[in-house]
Amino acid sequence: MATLSTVPPLVFATSTSRPFPPHQTHRNKPTTTTTNSLKNCKTIDELKLFHHSLAKQGLDNDVSAITKLVARSCELGTRESLTFARKLFDFSHGSRFMYNSLIRGYASSGLCEEALLLFLRMMIDGVSPDKYTFPFGLSACAKRRAARDGVQIHGLVVKMDYAKDLFVQNSLVHFYSECGELVCARKVFDEMPLRNVVSWTSMICGYGRRGYAKEAVDLFFEMMSSEDVRPNSVTMVCVISACAKLEDLEICEKVYAFVSSSGVEVNDVMVSALVDMYMKCNDNDTAKQLFQQYGARNLDLCNAMASNYVRQGLTKEALSVLSVMMDSGVKPDRISMLSAIASCSVLKNVLLGKSCHGYVLRNGFESWDNVCNALIDMYMKCQKQETAFKIFDWMLNKTVVTWNTIVAGYIENGDVDAAWETFRTMPEKNIVSWNTMIGGLVQESLFEEAIEVFRSMQSQEGVDAEGVTVMSIASACGHLGALDLAKWIYYYVEKKGIQLDVRLGTSLVDMFSRCGDPETAMSIFDSLANRDVSAWTAAIRAMALSGNAEQAIELFDEMIEQGLKPDGVVFVGALTACSHGGLVQQGKEIFESMQKVHGVCPEEVHYGCMVDLLGRAGLLEEAMQLIKSMPLEPNDVIWNSLLGACRVQGNVEMAAYAAEKIQVLAPERTGSYVLLSNVYASAGRWNDMAKVRLSMKEKGLRKPPGTSLIQIRGKTHEFTSGDESHPEMPKIEAMLDEISELGHVPDLSNVLMDVDEQEKRFMLSRHSEKLAMAFGLISSNKGTTVRIVKNLRVCSDCHSFAKLVSKMYNREIILRDNNRFHFISQGKCSCNDLW
DNA sequence: CTAGGGTTAG
C-alpha cells in the first residue's frame, strides 16, 4: 500500500487528520495542485479545508479556483456540499458555468425547486442559459413532474434557437415522457433529424414507465432494424424492465437471447433487471440461475429477488435471500428492509418484525416514510395496534399510503367501523383508499354499503374506478343478485374503457350468472381472450346454476380439449352441474377421472358433490357406500349433502343418522336441525319434529330468519319472514290475498313452529320470498321478470306458490336461493322440483 | 451536458 509521503494528493481521500502536505502551500504552482487535489476531495470537510487553504494562499478570489471548487461541491451532491457551494456562489460573481454547476447539482440530488429557481434567477441576472443549462433544467422538471415549467423552458429553447441541439432534444423527450405527455415526447422524437442511443433509450423508457410496455418493446425492435444506432446497457435495462411489465415470457426470452449475443456489457443494474423480469414472469428457475451466475453478493440483485419473492407470496424465500446475503457480509439497506418487514407482516412474525424495527432504528432508516409504512402495516397485521400508532404519531410526513395502511389494517382485523372512521376523516384519498374500503365492506358482506361507497366515489368525488374496484363491486352485486346494477356495471366498464382482462372478465361472468342472466355471462365469457381455468370455471358455474347441465359439461370437455389443466375448483363446478341436472353417469365418470386422468386428488367438497348427485337421483345407499369408502374423514359438509338428499327422498332413518353426525362435527350448524325437522314434518312424525325443535332451543340455536331481496328501479328492498314494516305492506297483503284465492293450497309441514293451524297458515303466508314476490308483482310492469334472492333454501310451499304465480300472472320468476337458481315460468321450474 | 434496475397501501 502506498504511504502518505509517496503519493501526497491522495491524502484528502484517505485522511482528514493531516489535511495538507507542507509543500503544497507554495504559491508558485497553485493551479495544478488545486485541480489534482480537488478531484480527490470526497467529503465536505475536505472541501472546506481546501477552501481554507485557498484563503491562506490568498486565492479565495481567484475565479478559476472558486469555480472549480463550486463544481466539485456540486458533484458531491450532498445537502451540505450544495449549501457550501451556494455560499461560495453567492459571494462570488456567478459565471454561467457556476450557474450550470449548481443547477445540475440541485437537480441531480432532488432539490428540483432550487434548480428551477436558480434557472429563473440566472435569467433575471442577465446571464443567458446555454446548451448545458437546458438539459439540467429539463431534468429538474422531469423529476418533479413540473409540466408547466418544462413547457416554458421548451418555449425558451425554441426562442433562443437551441431546438436543434441533440442533447436538448433528448432532454425534451425525457421531460415529456416523465410528465406522461407521450404524444409530445414522440413528436419531438419524430422530428429529430438525427438520433443517438440516448434519444432512443429515452423514448423507450418513457413508454415503459408510463405503462406502454408493448410500445416500448416494439420501439426497441424498430431501433434495431431501422437505425444505425446500437443499444448500450442502459437501453437494455429499459427494454428489460418493459418486458418485466409485459409478463410475457416469450418476448422476455427473445430479449435475453439478444442480450447474450449482442456483446453489450452486462453490468449489475442489468442483472438485477433481468432477474426482476424473469421473476415477474414467474420463471424463478431462470432467475435463480442468473443469481448463481452473477453472484449473490450484489445488494441490488438480492433486493430484486427478495421483493419479487414477497410479491409471489414466498416470504420464507425472501427472508432466506436476505439472510444469505448478510452471511456473505453485505449489509441490508432500506429497500432490503421493505421486503423483510413485508415478509414478517405476511408471516405474522412479530418477533422478527421487532428485530427489523431495531435494525431500522440503528441505521436511521426511520426517516424514510415507506419504511415506516411497512412497519405500521406489519404491526397492524400482527395485531399490535398500539405500536403501529406510536410509529404513526411519530411520523412527520404521513402520506396517503400511510393512511391507507391504517385503513387496510383495521379491515384485516375485522374492525370495519374503525376503518370507515379513518377513511372518512383522512386528509387525502386516492384510488387505493377507495379500493381498500370497498373491498373491506364486500369482505364483511356489507354489499349495500359497498355499492353506496362506490356511488359516492363517482358522484361526489368524481374518481374513476379501476379494474380492481369493479371486481369488488361485481362481487357485491352478484351477492345481491341485482341484475339492473350488474348491467350498469358492465356498461360502466365499457364506457370508461376499463381494460377487460381475464380477471375482471371472470368476475363479470360470475356476477351475471349470480344475477340470473346466464346469456350475458356467456357472451362476456365468449369475448375473453386468454381464458384461464378460473374463467372456464365461472362459465361452467353459470351453466350449472341456471340448470343447463349439458352445456356445462360441454364447456368442461372443451376446456380439457384446449389443453388446460383442471384444478379442484373446476371439478366442483362440473360435478355440481351433473348433480343439478341429474346426470348421474357423467358425474361418476368425471369423478373417476379426477385422480386417474388429471391427477387431482378429490377433497371433501368433491365427495359432497357426489353424495348430492347420487342422493338426488335416489341412490341413497350408493351415496352412503361412497361416504364409507372415503379415504378422508367425512366432514359436516358431506353429511349435510346426504341429509339434503334424504329430505328430497323422504328417507327418515338415514336423515336422522346424518343429522346426528353433523351435530357432533359442527354443532353450530343450524341448517341441519331445520332440515331434519323438515324431514320429520314431511313424514308426519310430529313428535320427533318437536324433539328436534326442543333440542335446538336447549342449545340456544335459532334458525336464522329467512330474508329475500328484490330490486325495483335500482333500489334494494329487503323482506324478512313475518316482517310487516315495508311501507307498501297494505298493497302487498292485498296481493297475497288475491293470489291465495287463485287456489294455492298451503303446505303446512313447512312451518316448524308449535302453533295452531291458523297461525301456521299466517306464518307461511308471510315467508320472505312471498312478500318479495307480491311486492315485485305490484311494483313492476306486467310481463316483466321478477327476480328474488333468498338467503336460505326456498321452502316447498313458496316454490309451488311461485309456480302458480308464474302461470296465473304470466310472469317469469327467477328465484335464487342459497343453493341454486329456480327459473320459474308457466307453472314449471328449471329445478324439476328437486332442490 | 441528456437515458437506467430493485420502493410501502388494494
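Numbers restart at 1 for each chain; the letters A, B, ... are given by sequence-line order, proteins then strands.
Residue Lys398(A) is out of contact with every strand shown, counting any heavy-atom pair closer than 4.0 Å. Residue Ile335(A) is in base contact, counting any heavy-atom pair closer than 4.0 Å across all strands shown. Using a 4.0 Å heavy-atom criterion, one finds that Asn430(A) contacts the bases of the nucleic acid, with or without backbone contacts as well. In this structure, Asn232(A) reaches the bases: a heavy-atom distance under 4.0 Å links it to at least one base atom across the strands shown. Backbone-only engagement by Arg209(A) is indicated by non-hydrogen atom pairs under 4.0 Å involving sugar-phosphate atoms exclusively. At a threshold of 4.0 angstrom between heavy atoms, the contacts of Phe136(A) are confined to the sugar-phosphate backbone, with no base atom among them. Counting non-hydrogen atoms under 4.0 angstrom, Ala374(A) reaches nothing in the nucleic acid. Among the protein residues, Glu466(A) comes within range of the nucleic acid bases, having at least one heavy atom under 4.0 Å from a base atom.
For Tyr132(A) and dC1(B), the ring-to-base geometry does not satisfy the stacking test (centroid distance below 5.5 Å, interplanar angle below 30°).
When rounded to the nearest whole Å, the span between CD of Glu265(A) and P of dG4(B) equals 17 Å. Straight-line distance from the CZ atom of Arg311(A) to the P atom of dA9(B): 13 Å, rounded to whole Å. Between the CG atom of Leu166(A) and the P atom of dC1(B) there is a distance of 13 Å, given to the nearest Å. One interatomic measurement links the two molecules: NE2 of His154(A) to C1' of dT2(B), which rounds to 15 Å at whole-angstrom precision. Taking atom CZ of residue Phe175(A) and atom P of nucleotide dT2(B), one finds them 17 Å apart after rounding to whole Å. Between the C1' atom of dT7(B) and the CG atom of Asn404(A) lies a distance of 16 Å, rounded to the nearest Å. In this entry the distance linking CG of Asp165(A) with P of dA3(B) reads 14 Å, nearest Å. Atom CD1 in Ile341(A) sits about 11 Å away from atom P in dA9(B), given to the nearest Å.
Here the CD1 atom belonging to Ile391(A) is positioned 13.0 Å from the NZ atom belonging to Lys384(A), to the nearest 0.5 angstrom. Distance check: Asp248(A) CG to Lys280(A) NZ gives 15.0 Å after rounding to the nearest 0.5 Å.
Side-chain atoms of Cys74(A) and Val70(A), non-hydrogen and from C-beta on, do get closer than 4.5 Å to each other.
You'll find that the side chain of Cys238(A) is closest to dG4(B), out of dA9(B), dG4(B), dT7(B). In this structure, the nucleotide among dC1(B), dA9(B), dT7(B) sitting nearest to the side chain of Arg104(A) is dC1(B). Taking every side-chain heavy atom of Val234(A) into account, dA3(B) is the closest of dT2(B), dA3(B), dT8(B). Counting only heavy atoms from C-beta on, Thr201(A) has its side chain closest to dA3(B) among dT8(B), dA3(B), dT7(B). In this structure, the nucleotide among dG6(B), dT8(B), dT7(B) sitting nearest to the side chain of Asp276(A) is dG6(B).
Applying the 3.5 Å distance criterion, the base of dT7(B) shares a donor-acceptor pair with the side chain of Asn370(A).
Cation-pi check for Lys187(A) over Tyr176(A) is not met; the charged atom does not lie both under 6.0 angstrom from the ring centroid and within 45 degrees of its normal.
Taking the side-chain contact (heavy atoms from CB on, under 4.5 Å) definition, one finds that Ala287(A) meets it with Val275(A), Tyr278(A), Met279(A), Met305(A), sequence neighbours left out.
Between His174(A) and dT2(B) there is no side-chain polar atom (N or O) within less than 4.0 angstrom of OP1 or OP2. Within the 4.0 Å cut-off from OP1 or OP2 of dT2(B), not a single side-chain nitrogen or oxygen of Ser202(A) is found.
Around NZ of Lys354(A), the count of heavy atoms belonging to other residues, nucleotides or ligands within 6.0 Å does not exceed 12.
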